[in-house]
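For reference, the structure discussed in these notes is given below.
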Amino acid sequence: MEKVRVRFAPSPTGKLHIGGARTALFNWLLARHTGGTFVLRIEDTDTERSTQASVDQIISSLKWLGLDWDEGPEIGGEYGPYFQSQRLHLYEEKAQELIDKGLAYLCYCTPEELEAKREEARRQGKAPRYDGHCRNLTDQDRVRLAAEGRQPVVRLKVPAEGETVVDDIIRGRVVFKNEVLDDFIIVKSNGMPTYNYACVIDDYAMKLTHIIRAEEHLSNTPRQILLYQALGYELPQFAHVPMILAPDRSKLSKRHGATSVEEFREEGYLPEAIINYLALLGWSPEGTDEVMPIERIVEEFSIDRVSKTAAIYDVKKLAWINGHYLRELPLERIVAEVIPFMQKHGLLAASPEPAKLELLTKAVDLTRDRAKTLEELVDVVSYFFSDDFEYEEKGVRKHFVPAGAGEILRQAKEIIASVEPFEHQVIEEVYRTRAEELGIKPAKLIHPTRLAVSGRTIGPGLFELVELLGREKSLERIDRAISFIEQELPAQIAANDNK
RNA sequence: GACCCUAUGGUCAAGAGGUUAAGACAUCGCCCUUUCAAGGCGGUAACGGGGGUUCGAAUCCCCCUAGGGUCACCA
């Protein structure tokens with residue numbers, strides 16, 4: 001079998017969409033699985049909407065995900081250039097050939113005229129198709145039309161009869177009647193090729209063997225096949241992967257929250273998790289393991305196991321997988337990942353001191369199985385880095401308001417002030433002994449302390465928390481809590497009573 | 001509107017004529033436990049509807065319904 005060559009061909013008109021990322025992933029997986037070649041090609045023929053910023057953005061997202069390409073921007077390759085805007089001569093040349101052979105023709109109809117005809121067709125309830133108005137123009141006609149200042153487009157002559165068959169790896173044999181197609185435009189009046197045309201020219205020129213793309217292109221495929229035939233090109237294999245839908249079954253858009261890889265990154269998702277989740281959306285491994293590293297996905301990937309049905313993406317499952325990687329990946333890696341997020345929240349300096357990094361490492365170690373994203377991780381370690389926190393209201397009611405709360409904290413303070421060595425096993429031992437002496441449950445001592453030193457009712461084991469926080473800081477916070485209980489709290493309660 | 005694709009729990013999804021219809025997320029309960037997580041165990045929950053074919057249909061065929069996609073000088 002010939003060596004697999006596949007491509008991802010985004011148009012740079014925005015960020016890398018989650019659906020686009022999955023299309024890229026499936027192409028990349030097939031290439032890596034078979035030892036083939038993964039090509040990145042930028043389809044920037046829409047001069048109105050394409051931007052360099054989008055190119056940069058898409059490239060950066062692909063790299064971040066780890067989807068590296070063997071040919072394409074930045075690295076070149078045998079079949080470049082890999083920007084369609086730099087391949088215009090090719091499209092022109094082939095278009096001229098088609099015209100010369102009588103397989104395509106110049107059309108001078110203006111967008112306005114066409115729009116009017118479409119409108120008319122719609123009103124009559126007919127399919128809005130091009131009527132072949134310019135199909136049989138004489139040279140004389142063309143001269144006259146050009147003299148009117150009309151810039152022609154090039155249209156392909158589509159046979160009125162017969163059918164065009166798409167042999168799709170995922171969907172099987174899909175038949176389209178040629179009569180439902182019309183003479184579509186292959187070169188715009190500004191000289192730029194249209195998608196269906198440029199795509200065919202390049203896919204062939206770049207010797208691609210498999211065209212794996214989203215299902216929305218299935219209906220375009222007969223047009224492309226007609227083009228392959230007109231050009232005398234051999235067909236590649238097609239595989240149309242199902243779409244990714246929003247929870248309400250509609251097309252994914254901004255109002256559904258994060259839709260681009262960049263946004264997920266900003267929300268604190270790891271590339272490993274996104275890749276793993278995306279692979280599972282539309283593809284399934286043979287066994288029942290779902291969480292698997294990229295190497296294994298590469299090993300097991302097969303187009304045959306890609307499903308036909310559109311999938312609704314489920315952030316909850318993504319979050320769960322992310323949580324998994326958050327606690328399973330090496331600690332240093334997670335620390336490195338969370339640093340920018342800490343900085344963003346002002347909890348860490350731009351160039352943090354080694355002591356702070358050590359604290360962060362230990363804090364992450366202690367808390368990471370409680371977070372699902374890096375943003376959550378920041379939240380869950382925040383009190384190690386800032387004294388500026390409020391007490392959780394629910395906790396205050398439960399642990400600070402009841403009579404004797406201050407006394408409980410004085411007991412805690414005494415223990416923490418004197419325990420030696422200041423290690424969690426020892427602190428715990430003393431806590432438990434003291435509770436017994438006082439004839440109360442250890443929890444009676446533990447919860448108020450936790451609230452005092454962290455402001456929270458939830459978190460890692462209290463004794464490890466206190467050890468990491470340190471004796472000094474713990475005592476300081478307990479003092480603060482005692483004065484809160486004995487001074488601020490009564491005042492607050494009085495104020496509420498007066499209302 | 002025309003054409004095309006699709007249809008298994010709330011979501012992802014296995015299944016390719018005979019299964020007690022997997023598994024995962026979510027959800028609920030229990031265990032563990034200083035809390036919350038994590039982890040372990042268990043529960044609730046599905047073949048869109050109607051016709052065929054067959055000894056036998058989630059699996060094959062037809063119709064309906066529903067959802068999605070395409071009909072651009074966007075890709």
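In what follows, chains carry the letters A, B, and so on, assigned in the order in which the sequence lines appear, proteins first and then strands, with residues in each chain numbered from 1.
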Between N or O atoms, less than 3.5 Å apart, protein on one side and nucleotides 28-33 of chain B on the other: list the pairs.
none

Exercise. A:Val153 side chain: which of B:C71, B:U34, B:C73 is closest?
Worked result: B:C73

For this session: Report the distance from atom OH of A:Tyr228 to atom CZ of A:Arg223, rounding to the nearest 0.5 Å.
Result: 15.0 Å

Problem set entry | Short side-chain N/O contact from A:Thr45 to OP1 or OP2 of B:A75, under 4.0 Å | yes

Exercise. Using a cut-off of 4.0 Å on non-hydrogen atoms, how would the nucleic acid contact of A:Arg171 be classed: base, sugar-phosphate, or nothing?
Worked result: sugar-phosphate

Exercise. Hey, does the side chain of A:Thr288 come within less than 4.0 Å of B:A22's phosphate (OP1/OP2), counting only N and O?
Worked result: no

Exercise. Counting distance only, does the side-chain N/O of A:Asn322 pair as donor-acceptor with the main-chain N or O of A:Gly268 below 3.5 Å?
Worked result: yes

Problem set entry | Contact nearer the 5' end of RNA chain B, comparing A:Gly287 with A:Glu464 | A:Gly287

Problem set entry | A:Glu216 side-chain proximity, nearest of B:U35, B:U70, B:A26 | B:U70

Problem set entry | Quiz item: A:Ser219 side-chain donor-acceptor pair to B:C4 base, under 3.5 Å | no

For this session: Once you apply the 3.5 Å cut-off to both distances, tell me the Watson-Crick or G-U wobble partner of B:C71, or none.
Result: B:G1

Exercise. Base, sugar-phosphate alone, or nothing: which one does A:Thr194 contact when heavy atoms must sit under 4.0 Å apart?
Worked result: sugar-phosphate

Exercise. With a 4.0 Å cut-off on heavy atoms, is A:Phe184 in touch with a base, just the backbone sugar-phosphate, or nothing at all?
Worked result: nothing

Problem set entry | Value in whole Å for how far the C1' atom of B:A13 lies from NZ of A:Lys316 | 18 Å

Exercise. Considering every strand shown, what is the Watson-Crick or G-U wobble mate of B:A7 when both distances are under 3.5 Å?
Worked result: B:U65

Exercise. Can you check whether A:His240's main-chain N or O pairs, donor with acceptor, with A:Arg171's side chain at less than 3.5 Å?
Worked result: yes

For this session: Select base, sugar-phosphate, or nothing to describe what A:Gly461 touches, counting heavy atoms under 4.0 Å on all strands.
Result: base

Problem set entry | Geometric class of the A:His324/A:Trp320 ring pair [parallel <30°, tilted 30-60°, perpendicular >60°] | tilted

Exercise. Would one find a side-chain N or O of A:Lys441 under 4.0 angstrom from OP1 or OP2 of B:U35?
Worked result: no

Exercise. Rounded to whole angstroms, how far apart are OH on A:Tyr431 and P on B:U35?
Worked result: 15 Å

Problem set entry | Between B:G39 (P) and A:Arg368 (CZ): distance, integer Å | 13 Å

Exercise. Using a cut-off of 4.0 Å on non-hydrogen atoms, how would the nucleic acid contact of A:Ser307 be classed: base, sugar-phosphate, or nothing?
Worked result: sugar-phosphate

Exercise. Does A:Glu428 or A:Tyr108 map to a spot on RNA chain B nearer the 5' end, using the closest nucleotide for each?
Worked result: A:Glu428

Problem set entry | Nearest-Å distance once atom P is located in both B:G29 and B:A37 | 12 Å

Exercise. Taking OP1 and OP2 of B:A38, is either one under 4.0 Å from a side-chain nitrogen or oxygen of A:Lys372?
Worked result: yes

Exercise. Contact class for A:Val175 (heavy atom, under 4.0 Å): base, sugar-phosphate, or nothing?
Worked result: sugar-phosphate

Problem set entry | Listed nucleotide nearest any side-chain atom of A:Leu281, set B:C73, B:C12, B:G68 | B:C12

Exercise. How far, in whole Å, is B:A7 from B:A58 if one measures between their C1' atoms?
Worked result: 11 Å

For this session: With heavy atoms under 4.0 Å as the rule, sort A:Glu43 into base, sugar-phosphate or nothing.
Result: sugar-phosphate

Problem set entry | Check: A:Arg327 side chain, A:Arg368 main-chain N or O, donor-acceptor pair, under 3.5 Å | no

For this session: Scan A:Cys107 against the nucleic acid and name what it touches under 4.0 Å (heavy atoms): base, sugar-phosphate only, or nothing.
Result: nothing

Exercise. Quick one: does A:Asn178's side chain have a donor or acceptor within less than 3.5 Å of a partner on A:Ala160's backbone?
Worked result: no

Exercise. Hey, does A:Val165 have a side-chain heavy atom less than 4.5 Å from the side chain of A:Phe176?
Worked result: no

Exercise. Base, sugar-phosphate, or nothing: which does A:Arg456 touch, judged by heavy atoms less than 4.0 Å apart?
Worked result: nothing

Exercise. With respect to the side chain of A:Ile446, which nucleotide from B:A75, B:U34, B:C5 is positioned closest?
Worked result: B:U34

Problem set entry | Distance, nearest 0.5 Å, that separates CG of A:Leu252 from OG of A:Ser260 | 10.0 Å

Problem set entry | Complementary nucleotide of B:U20, counting Watson-Crick and G-U pairs under 3.5 Å | none

Exercise. What distance, rounded to whole Å, do you find between the two P atoms, one in B:A14 and one in B:U59?
Worked result: 16 Å

Problem set entry | Backbone of A:Val419 reached by a side-chain donor or acceptor of A:Arg471 within 3.5 Å | yes

Seminar exercise, completed: In whole angstroms, the gap separating P of B:C36 from CZ of A:Phe463 amounts to 15 Å

For this session: Measure the shortest side-chain to side-chain distance between A:Ile212 and A:Phe238 over non-hydrogen atoms and say whether it is less than 4.5 angstrom.
Result: no

For this session: Give the ring-plane orientation class for A:Phe264 versus A:Tyr313, where under 30° counts as parallel, over 60° as perpendicular and anything between as tilted.
Result: perpendicular

For this session: Identify whether any heavy atom of A:His240 sits under 4.0 Å from a base atom; if not, whether one sits that close to sugar-phosphate; answer base, sugar-phosphate or nothing.
Result: nothing

For this session: Using Watson-Crick or G-U wobble geometry with both distances below 3.5 Å, tell me the partner of B:C30, or none.
Result: B:G40

Exercise. Using a cut-off of less than 4.0 Å, is there contact between a side-chain N or O of A:Ser11 and OP1 or OP2 of B:C74?
Worked result: no

Exercise. With a 3.5 Å cut-off and just heavy-atom distances, do the side chain of A:Glu290 and the base of B:G23 make a donor-acceptor pair?
Worked result: yes

Problem set entry | Sugar-phosphate only, base, or nothing, as touched by A:Pro111 at under 4.0 Å among non-hydrogen atoms | base

For this session: Determine the interatomic distance between C1' on B:C60 and the same-named atom on B:A16; round to the nearest Å.
Result: 11 Å

Exercise. With rounding to whole Å, what would you report as the distance between B:C71 and B:G49 at their C1' atoms?
Worked result: 30 Å

Exercise. Looking for any heavy atom pair under 4.0 Å, which part of the strands does A:Pro460 touch: base, sugar-phosphate only, or nothing?
Worked result: base

For this session: Just call it for A:Thr309: base, sugar-phosphate, or nothing, with non-hydrogen atoms closer than 4.0 Å on any strand.
Result: sugar-phosphate

Exercise. Does B:C60 pair with anything, Watson-Crick or G-U wobble, both distances under 3.5 Å, and if so, with which nucleotide?
Worked result: B:G52

Any protein N or O atoms within reach of nucleotides 9-11 of chain B? Criterion: under 3.5 Å, listing atom names and distances.
none

Problem set entry | A:Arg327 vs B:G39: side-chain N/O to OP1/OP2 distance below 4.0 Å | yes

Problem set entry | P gap between B:C30 and B:A13, integer Å | 33 Å

For this session: Would you give the length of the straight line joining atom CZ of A:Arg22 to atom CG of A:Leu29, rounded to the nearest 0.5 angstrom?
Result: 11.0 Å

Exercise. Any donor and acceptor pair, going by atom type alone, linking the side chain of A:Arg155 with main-chain N or O of A:Asp183 inside 3.5 Å?
Worked result: yes

Exercise. To the side chain of A:Glu215, which of B:A26, B:C5, B:U34 is closest?
Worked result: B:C5

Problem set entry | Span that lies between the P atom of B:G69 and that of B:G18, in whole angstrom | 35 Å

Problem set entry | P spacing across the pair B:C74 / B:U11, given as an integer number of angstrom | 38 Å

Exercise. Looking across every strand, which nucleic acid part, if any, lies under 4.0 Å from A:Asn220 by heavy atom: base, sugar-phosphate, or nothing?
Worked result: base

Exercise. Looking at A:Arg305, does any N or O in its side chain come under 4.0 Å of the phosphate oxygens OP1/OP2 on B:G15?
Worked result: yes

For this session: Report the relative orientation of the aromatic rings in A:Trp283 and A:Phe301; use parallel for angles under 30°, tilted for 30 to 60°, perpendicular for over 60°.
Result: tilted

